[in-house]
Amino acid sequence: MTHLNETAQDTGGDTGLRIVGLEEHIMFPEVVDAWRRAGTAEDDLAFMASTTGETGRRLAEVGDERRASMRSTGLDTQVLSLSTPGLQNLGAADAAALQSDCNDRIAALAADATRQVQGLATLALQRPARAAAELGRSIGDLGLDGAMIFSRVGGRHLDDHAFWPVFEAAEALAVPLHLHPMTPPAAVRHAYYDGFAPEVSAALASHRLGWHYDTGVAYLRLILAGVFDRFPGLRLVLGHWGELVLFYLDRLEPLARIAGLPRTIGEYVRDHLYVTPSGMLSHAYLQEAVRIVGAEHVLFATDYPFEPAAHAGARTFLEHARLADDERRLIASGNWERLRGDIKR
């Protein structure tokens, strides 16, 4: 198989606009095997999409088909990350054993094509100190550009103080953490989303609505727990235009007073948060995101291979967006390159 880094070319499209996709997923067979052993097939609604059918096949492919999709949609660089739920639903020993191998493999794909393939580290938060050390290795030794984390670790919320060493390491390294959705807990799914045909309940609980609520709540819990007050340099990325949080800011603002926070919710969002479309190519959402957080805090992503944008239309979307040219360049790649440039390797 021809690998991404062997023949990739940085075309920049016909207009010279360089476009980076920040949420472009990959999967390794060892992780799938670990998911099966851990019962993820029964417990996680993302399992089938990440391991079977067309999306499962495309996640595992790192050659001609992936490059063809990049060309078709107009993407110059994929920032690779392990697909949901990553390693965070595994037992601590399995997860810790896999994280270094995953990061080595992502770094190998990027090694000879740093403008066409980049990567986010995979972390096993079940052992926070080891995950923090792995983040340092992934940035300093492997040249990765941040990490993708998920909204819970087993049954524990991400804001649990046990996981704060990872936030401390991310701040010290000045690397962004991408907070990605994962399937809501079974009790939540049964209480709120069941009662329809299985495929309808599954879609409602996951990629159509449920996991966006789940991730938005996880992000708000980080604010309320004081994570950004303790680590004022921490930067977080949310996909899907901010996982519903951006569009409820007015409603959310009283939370800061109720919780006795030193800043408003809007200030935490504008100071620490970056958002991407995750393949949801909505001009209305783009305009609202720019209005709320500014073009300097909007990044781009196609959510390969799950969304149609991953295979066609990304460049057309950005080129036709109602943006000033400098805003367009920032969103296409400029903001991401600025974040990468700040990293302390």
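Everything numeric in this text was worked out from a predicted model, so none of it was measured. Just so you know, these numbers use all the heavy atoms, side chains as well, and skip hydrogens, waters and symmetry mates. If you read the sequence from its start, that first residue is 1, and numbering goes on from there.
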Let's go through Ile26 and Arg105 carefully: what are the C-alpha distance in whole Å and the side-chain angles of both, what is the deciding distance for side-chain contact (heavy atoms from CB on, under 4.5 Å) to 0.1 Å, and is it a yes or a no?
CA-CA 10 Å; Ile26 196 166; Arg105 295 175 71 171; over 6 Å; no
Any side-chain heavy atom of Leu109 sitting closer than 4.5 Å to one from Arg66?
no
With clusters defined by side-chain heavy atoms of hydrophobic residues (ILVMFWY) lying less than 4.5 Å apart, directly or transitively, does Ile223 cluster with Leu177?
yes
Heavy atoms only: give me the nearest Leu82-Gly86 pair and the separation to one decimal.
CD2-CA, 3.9 Å
Does some side-chain heavy atom of Arg345 sit less than 4.5 Å from a side-chain heavy atom of Ile139?
yes
For Pro165 versus His161, what's the shortest heavy-atom pair and its separation?
CD-O, 3.9 Å
Steps toward side-chain contact (heavy atoms from CB on, under 4.5 Å) verdict (Leu222, Tyr268):
CA-CA 10 Å; Leu222 294 175; Tyr268 287 103; over 6 Å; no
Solution key, residues 242-252 side-chain donor-acceptor pairs under 3.5 Å, sequence neighbours excluded:
residue: Glu243; atom: OE1; partner: His212; partner atom: ND1; Å: 2.9
residue: Glu243; atom: OE2; partner: His240; partner atom: ND1; Å: 2.8

Between Thr302 and Glu307, do the side chains contain a donor N or O and an acceptor N or O under 3.5 Å apart?
no
Say whether Leu318 and Leu330 are linked into one hydrophobic cluster, either directly or through other cluster members, by side-chain heavy-atom distances under 4.5 angstrom.
no
I want to know whether Phe231 and Trp164 have ring centres closer than 6.0 Å.
yes
What's the separation between atom CD in Glu134 and atom CG in Leu125, rounded to the nearest 0.5 Å?
11.5 Å
Side-chain (His320) to main-chain (Thr316) donor-acceptor, under 3.5 angstrom
yes
Table please: side-chain donor-acceptor pairs of residues 198-209 below 3.5 Å, with sequence neighbours left out.
residue: Ser201; atom: OG; partner: Tyr193; partner atom: O; Å: 3.1
residue: Ser201; atom: OG; partner: Phe196; partner atom: N; Å: 3.2
residue: Ser206; atom: OG; partner: Ala202; partner atom: O; Å: 2.6

Quick one: side chain to side chain donor-acceptor pair (under 3.5 Å) partners of Trp211, sequence neighbours excluded?
none
Would you list the pairs meeting salt bridge (Lys or Arg N to Asp or Glu O under 4.0 Å) in which at least one residue belongs to residues 267-287, sequence neighbours left out?
Arg263-Asp271
Carboxylate-amine/guanidinium contact Asp76 Arg315, below 4.0 Å:
yes
Output the distance between atom CG (Leu120) and atom CG (Leu144), rounded to the nearest 0.5 Å.
7.5 Å
Closest heavy-atom pair and its distance - Phe28, Ile106
CZ-CG1, 3.9 Å
With Asp325 via salt bridge (charged side-chain N to carboxylate O under 4.0 Å, His left out) - residues at least two apart
Arg328
Pairwise side-chain hydrogen bond (donor to acceptor under 3.5 Å, both in side chains) hits with a residue in residues 79-90, at least two apart
His25-Ser81, Asp44-Asn89, Ser50-Ser83
Where is the tightest heavy-atom contact between Ser278 and Asp303, given as atom of each residue plus distance?
O-CB, 3.3 Å
Could you list the donor-acceptor pairs under 3.5 angstrom formed between side-chain atoms of residues 232-239 and any protein atom two or more places apart in sequence or on another chain?
residue: Arg235; atom: NH1; partner: Asp342; partner atom: OD2; Å: 3.1
residue: Arg235; atom: NH2; partner: Ala174; partner atom: O; Å: 2.8

side-chain hydrogen bond (donor to acceptor under 3.5 Å, both in side chains): pairs with one or both residues in residues 286-299, sequence neighbours excluded:
Glu288-Arg291
CE (Met280) and CZ (Phe317) are apart, to the nearest 0.5 Å, by 10.0 Å
Hydrophobic clusters join Ile, Leu, Val, Met, Phe, Trp and Tyr when side-chain heavy atoms are under 4.5 Å apart, directly or via other members; which others share one with Tyr304?
none
Kindly work out whether a path of hydrophobic side-chain contacts (I/L/V/M/F/W/Y, heavy atoms less than 4.5 Å apart) joins Phe228 to Phe163.
yes
Which residues pass the salt bridge (charged side-chain N to carboxylate O under 4.0 Å, His left out) test with Arg57, sequence neighbours left out?
Glu54, Glu65
One should read off an interatomic distance between Leu22 CG and Trp336 CH2, to the nearest 0.5 angstrom, of 5.0 Å
What do you reckon, is OH of Tyr285 surrounded by more than 12 foreign heavy atoms closer than 6.0 Å?
no
Closest approach of Leu123 and Leu87, non-hydrogen atoms and distance?
O-CB, 4.2 Å
Taking the side chain as every heavy atom from C-beta outward, state whether Phe300 and Asn335 have any pair of such atoms under 4.5 Å apart.
no
Any side-chain heavy-atom pair from Arg130 and Gln99 closer than 4.5 angstrom?
yes
Asn103 side, atom CG; Leu98 side, atom CG - distance, nearest 0.5 Å:
10.5 Å
Gap between atom CD1 of Ile19 and atom CD1 of Ile331 - 0.5 Å precision:
11.0 Å
Sequence neighbours excluded, the answer for salt bridge (charged side-chain N to carboxylate O under 4.0 Å, His left out) partners of Asp160 is none
Closest non-hydrogen atom pair, Phe306 against Ala49
CE2-O, 3.9 Å
Asp104 vs Arg137, side-chain contact (heavy atoms from CB on, under 4.5 Å): CA-CA, chis, key distance, verdict
CA-CA 10 Å; Asp104 288 343; Arg137 187 187 78 93; 2.9 Å; yes
Between Thr73 and Ser69 (side chain of the first, backbone of the second, donor and acceptor by atom type, cut-off under 3.5 Å), is there such a pair?
no
Show me, pair by pair, the donor-acceptor contacts under 3.5 angstrom made by side chains of residues 148-158, not counting sequence neighbours?
residue: Ser151; atom: OG; partner: Asp214; partner atom: OD2; Å: 2.7
residue: Arg152; atom: NH1; partner: Asp214; partner atom: OD1; Å: 2.9
residue: Arg152; atom: NH1; partner: Asp214; partner atom: OD2; Å: 2.7
residue: Arg152; atom: NH2; partner: Thr183; partner atom: O; Å: 2.5

salt_bridge(Asp145, Arg340) N-O dist < 4.0 Å
yes
